[in-house]
Amino acid sequence: MPMSFATDHGDAIPLHVVERDALAGWLSEQPPRAATWVQATGFKAELGQVAIVPAEDGGIGAAAVGYGDAAARRRGRFHLAGAAAKLPEGSYRLVTDLEGEALETEALGWLLGAYVFDRYAKASGTKARLVAPAGMDAGRVETIAEGEALTRDLINTPASDMGPVALEAACVDLAGKHGASIDVIRGEALVEQNFPMIHAVGRASDQAPRLIDMRWGDAGPKLTLVGKGVCFDTGGLNLKPGASMGLMKKDMGGAATVMGLAQMIMALGLPVQLRVLIPAVENAVSSNSFRPGDILTSRKGLTVEINNTDAEGRLVLADALALASEESPDVLLSMATLTGAARVAVGPDLAPYYSDDNAMAAALDAAARKVADPVWRMPFWTPYESMIEPGIADLDNAPSGGFAGSITAALFLRRFAGETTRYTHFDIFGWNPTAAPGRPKGGVGMGARAVLDALPGVLGL
């Protein structure tokens with residue numbers, strides 16, 4: 001089903017959203033026949049409950065979905081999407097007012113529930129379609145859904161069809177769609193143009209490593225997005241066990257998320273100078289793989305001791321962040337599926353982020369609540385800097401001890417982002433392990449919608 005709103009040709013089915021405490025009042029307002037029927041079905045307006053009211057001709061005359069109470073709704077999000085999955089196929093129009101931000105969030109969730117990844121096998125999502133509710137910008141909601149669909153498609157595609165070459169092609173397609181320019185540095189040219197760590201991480205693959213550089217917009221504040229594009233991560237010579245390798249097609253989830261965010265920004269026409277940097281590599285195993293114990297010199301000139309080749313994402317991001325900082329953007333933001341430590345800390349549903357910019361953090365936290373895209377601020381804890389300083393080199397890519405793994409990774413990246421840059425880093429998971437309303441199992445964007453909502457205030461747009 002398309003991730004867009006239906007057109008009401010006069011035959012859309014009325015859809016009532018009923019809170020549990022308002023059920024009695026709502027029933028009293030319905031025709032006696034309909035009220036009797038709804039009561040007979042056992043409808044209690046519990047969250048996600050659905051009741052279908054038949055028409056006299058045997059068709060569907062109306063539908064009601066339970067909206068529970070505020071406490072129940074706080075336990076999840078996209079509640080109408082959960083109900084939509086239970087509705088019969090057809091077009092539905094809301095006849096119940098939803099308050100403020102809930103309307104846009106629930107409408108977006110409904111669209112996201114229609115997403116399916118059907119590249120390799122037939123699949124179907126929610127077949128009940130929603131007519132664009134009055135009182136919201138339907139085009140904006142559809143654009144956000146489109147950006148999220150792009151992110152999901154990229155993450156869900158296996159590395160056999162989403163290696164560095166294919167990721168570059170996807171960026172070229174995105175740039176062409178919006179009139180953006182794109183430049184790509186590949187293979188040995190990375191060494192020649194001083195991106196040594198991107199080259200080192202990706203040189204063992206039969207698909208050459210590359211740095212993708214996309215630009216859009218020629219006026220307004222400078223916004224640079226950097227996304228980790230490790231298209232598959234074997235762990236390198238520190239080879240992952242099989243169980244840990246199973247989801248490594250999603251290790252380019254940072255790249256996929258910034259591409260989805262860039263799609264939203266460009267399609268909505270935000271007045272910014274947008275730059276997207278994606279180091280696209282495969283961390284493979286070959287005779288020329290980089291090794292534990294190697295010391296690499298980064299673009300910034302800092303030396304890095306390699307104590308684990310499975311901590312490669314921060315290496316490719318470091319060179320890209322160093323390049324980004326040379327232009328002094330107004331806001332620099334990176335997204336990466338960087339550490340398992342972040343998942344241990346906050347689980348798969350929260351997008352942890354690091355920022356020294358209190359204004360950015362306040363804007364992100366407010367936006368996350370508004371658009372139901374949860375984030376959680378983590379500390380750039382400066383006293384841990386010594387943990388990433390091995391002595392033999394300026395930095396250690398994999399500090400020993402097992403403590404604060406997400407924080408030390410973020411501190412590592414901050415060294416390359418520039419001391420005066422407004423820098424924010426997201427350590428995302430990029431995967432929904434269990435199907436939920438509006439979020440089927442599989443690749444998922446995290447933090448992008450919160451960033452999109454926060455940007456106007458942060459950049460003074």
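Worth knowing before you read on, the calculation uses all heavy atoms, side chains too, and leaves out hydrogens, waters and symmetry mates.
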Participant: Yes or no on side-chain contact (heavy atoms from CB on, under 4.5 Å) for V272 and L461, after CA distance, side-chain angles and deciding distance?
Facilitator: CA-CA 8 Å; V272 298; L461 302 179; 3.9 Å; yes

Participant: State, yes or no, whether a side-chain contact exists between M259 and L167 at a heavy-atom distance under 4.5 Å.
Facilitator: yes

Participant: Whether the Y120 and N156 side chains hold a donor-acceptor pair (N or O, under 3.5 Å, no angle test) is what I'd like checked.
Facilitator: no

Participant: Between R415 and E389, is there a salt bridge with N-O shorter than 4.0 Å?
Facilitator: yes

Participant: How close do P348 and M446 get, heavy atom to heavy atom, and via which atoms?
Facilitator: O-CE, 3.3 Å

Participant: Is there a salt bridge (charged side-chain N to carboxylate O under 4.0 Å, His left out) between R439 and D349? Walk through the geometry before answering.
Facilitator: CA-CA 11 Å; R439 293 165 294 144; D349 201 35; 3.0 Å; yes

Participant: Yes or no on side chain to side chain donor-acceptor pair (under 3.5 Å) for R414 and S355, after CA distance, side-chain angles and deciding distance?
Facilitator: CA-CA 9 Å; R414 189 174 66 170; S355 182; over 6 Å; no

Participant: Between E142 and F5, is there a donor-acceptor pair closer than 3.5 Å when you use the side chain of the first and the backbone of the second?
Facilitator: yes

Participant: Which value, rounded to the nearest 0.5 Å, describes the distance between F195 atom CZ and S298 atom OG?
Facilitator: 11.5 Å

Participant: Any salt bridge linking R210 with D183? Criterion: basic side-chain nitrogen under 4.0 Å from a carboxylate oxygen.
Facilitator: no

Participant: Any donor-acceptor pair under 3.5 Å linking the side chain of D118 with the backbone of A121?
Facilitator: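 No: the side chain of D118 does not pair with the backbone of A121.
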
Participant: Under 3.5 Å, is there a donor-acceptor pair between the side chain of D373 and the main chain of G447?
Facilitator: yes

Participant: Side chains of T257 and I428, heavy atoms from C-beta outward: is any pair under 4.5 Å?
Facilitator: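 The answer is yes, as the side chains (C-beta and beyond) meet within the 4.5 Å cut-off.
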
Participant: Any Lys/Arg nitrogen of E106 or R73 sitting under 4.0 Å from an Asp/Glu carboxylate oxygen of the other?
Facilitator: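 Looking at E106 and R73, the cut-off is not met.
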
Participant: Between CZ of R74 and CG of L47, what distance do you get to the nearest 0.5 Å?
Facilitator: 12.0 Å

Participant: Under a 4.5 Å cut-off applied to non-hydrogen side-chain atoms, are K249 and D161 in contact?
Facilitator: no

Participant: Which heavy-atom pair separates P390 from L395 by the least distance, and what is that distance?
Facilitator: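 Closest heavy-atom pair between P390 and L395: CD-C, 3.3 Å.
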
Participant: Under a 3.5 Å cutoff, is there a donor and acceptor pairing between the side chains of T234 and N283?
Facilitator: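 Note: T234 and N283 side chains miss the donor-acceptor criterion.
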
Participant: Using the six-membered ring wherever Trp is involved, compare the ring planes of H79 and Y67 and label them parallel, tilted or perpendicular (cut-offs 30° and 60°).
Facilitator: perpendicular

Participant: Ignoring hydrogens and geometry, is there a side-chain-to-backbone donor-acceptor pair from T143 to G139 under 3.5 Å?
Facilitator: yes

Participant: In terms of side-chain geometry, is the basic nitrogen of D453 or K370 positioned less than 4.0 Å from the acidic oxygen of its partner?
Facilitator: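 Yes, D453 and K370 are salt-bridged.
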
Participant: Check whether any side-chain N or O of D394 sits under 3.5 Å from a backbone N or O of T303 as a donor-acceptor pair, and report yes or no.
Facilitator: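 The answer is yes, because a donor-acceptor pair under 3.5 Å joins these two groups.
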
Participant: Does any N or O in the side chain of Q273 come within less than 3.5 Å of the main-chain N or O of G220, such that one atom is a donor and the other an acceptor?
Facilitator: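 Yes; at least one donor-acceptor contact below 3.5 Å.
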
Participant: When you check the side-chain N and O atoms of S4 and R129, is any donor under 3.5 Å from an acceptor?
Facilitator: yes

Participant: Between atom CE of M197 and atom CG of N397, what is the distance when rounded to the nearest 0.5 Å?
Facilitator: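 One gets 9.0 Å once the value is rounded to the nearest 0.5 Å.
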
Participant: Run the side-chain contact (heavy atoms from CB on, under 4.5 Å) test on F117 and T157 for me, step by step, so that the C-alpha distance in whole Å, both residues' side-chain angles and the decisive distance to 0.1 Å come before the verdict.
Facilitator: CA-CA 9 Å; F117 183 66; T157 303; 3.7 Å; yes

Participant: Side chains of W431 and T337: closer than 4.5 Å at any heavy-atom pair?
Facilitator: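 They are not in contact (no side-chain heavy atoms under 4.5 Å apart), so the answer is no.
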
Participant: Scan side-chain atoms only and decide if R152 and N432 contain a donor-acceptor pair under the 3.5 Å cut-off.
Facilitator: no

Participant: When you measure from the side chain of S205 to the backbone N and O of Q207, does any donor-acceptor pair fall under 3.5 Å?
Facilitator: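 Yes, the answer is positive, given that a donor and an acceptor are paired below the 3.5 Å cut-off.
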
Participant: List the steps, then state whether salt bridge (charged side-chain N to carboxylate O under 4.0 Å, His left out) holds for E282 with R203.
Facilitator: CA-CA 8 Å; E282 180 183 3; R203 70 192 182 202; over 6 Å; no

Participant: Got a sec: does the NZ of K86 have more than 12 other heavy atoms crowding it under 6.0 Å?
Facilitator: yes

Participant: Do K240 and D233 have side-chain heavy atoms sitting under 4.5 Å apart?
Facilitator: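 Sidechains of D233 and K240: in contact.
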
Participant: Using atom types as modelled and distance alone, determine if a side-chain donor or acceptor of K250 lies under 3.5 Å from a backbone N or O of F429.
Facilitator: yes

Participant: Are any of the side-chain nitrogens in E168 or R186 under 4.0 Å away from the carboxylate oxygens of its partner?
Facilitator: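 Answer for the salt bridge query: yes.
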
Participant: Hey, is the main chain of L411 close enough, under 3.5 Å, to the side chain of W381 for a donor-acceptor pair?
Facilitator: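 Side chain of W381 to backbone of L411: no pair is present.
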
Participant: Does the ring centre of F412 sit less than 6.0 Å away from the ring centre of F416?
Facilitator: yes

Participant: For A256, is there any backbone N or O sitting under 3.5 Å from a side-chain donor or acceptor partner on T151?
Facilitator: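 Flag set: sc T151 to bb A256 pair under 3.5 Å.
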
Participant: Run the numbers on M387 and D396 for side-chain contact (heavy atoms from CB on, under 4.5 Å), then give the verdict.
Facilitator: CA-CA 8 Å; M387 295 171 65; D396 183 340; over 6 Å; no

Participant: Checking D310 against N238: is there a side-chain donor and acceptor pair closer than 3.5 Å?
Facilitator: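 Judged by distance alone, the side chains do not pair up.
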
Participant: Going from CG on L321 to NZ on K300, what distance comes out if it is rounded to the nearest 0.5 angstrom?
Facilitator: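 Reported to 0.5 Å precision, the distance equals 9.5 Å.
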
Participant: List the steps and the verdict of side-chain contact (heavy atoms from CB on, under 4.5 Å) for N307 and S400.
Facilitator: CA-CA 9 Å; N307 281 312; S400 60; over 6 Å; no

Participant: So, are D330 and K222 salt-bridged, with charged N and O less than 4.0 Å apart?
Facilitator: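 Looking at K222 together with D330, the answer is no, because their closest N to O distance does not fall below 4.0 Å.
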
Participant: Kindly compute the distance separating OG (S289) from CG (D294), expressed to the nearest 0.5 Å.
Facilitator: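 Reported value, rounded in 0.5 Å steps: 10.0 Å.
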
Participant: Determine whether K228 and E312 satisfy the following criterion, salt bridge (charged side-chain N to carboxylate O under 4.0 Å, His left out), listing intermediate values before the conclusion.
Facilitator: CA-CA 10 Å; K228 174 185 169 184; E312 83 300 331; 3.8 Å; yes

Participant: Do Y423 and S325 pair up side chain to side chain, a donor and an acceptor below 3.5 Å, judged on atom types alone?
Facilitator: no

Participant: Quick one, L277 and M214 - any side-chain contact, counting heavy atoms below 4.5 Å?
Facilitator: no

Participant: Can a salt bridge be assigned to the pair R377 and D365 using a cut-off of 4.0 Å between side-chain N and carboxylate O?
Facilitator: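 No.
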
Participant: Do you know the tightest heavy-atom contact between N288 and A204?
Facilitator: OD1-CA, 3.3 Å

Participant: Return the minimal non-hydrogen interatomic distance between A448 and L261, and the atom names on each side.
Facilitator: O-CD1, 3.5 Å

Participant: I want to check something: taking the side chain as every heavy atom from C-beta on, are Y353 and D427 in contact at a cut-off of under 4.5 Å?
Facilitator: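 No; the side chains remain at least 4.5 Å from each other.
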
Participant: Report yes if some heavy atom in the side chain of T309 is under 4.5 Å from a heavy atom in the side chain of P292; otherwise report no.
Facilitator: yes

Participant: Below 4.0 angstrom, N of the basic side chain to O of the carboxylate: do E326 and R299 qualify?
Facilitator: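 Salt bridge between E326 and R299, a charged N being under 4.0 Å from a carboxylate O: yes.
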
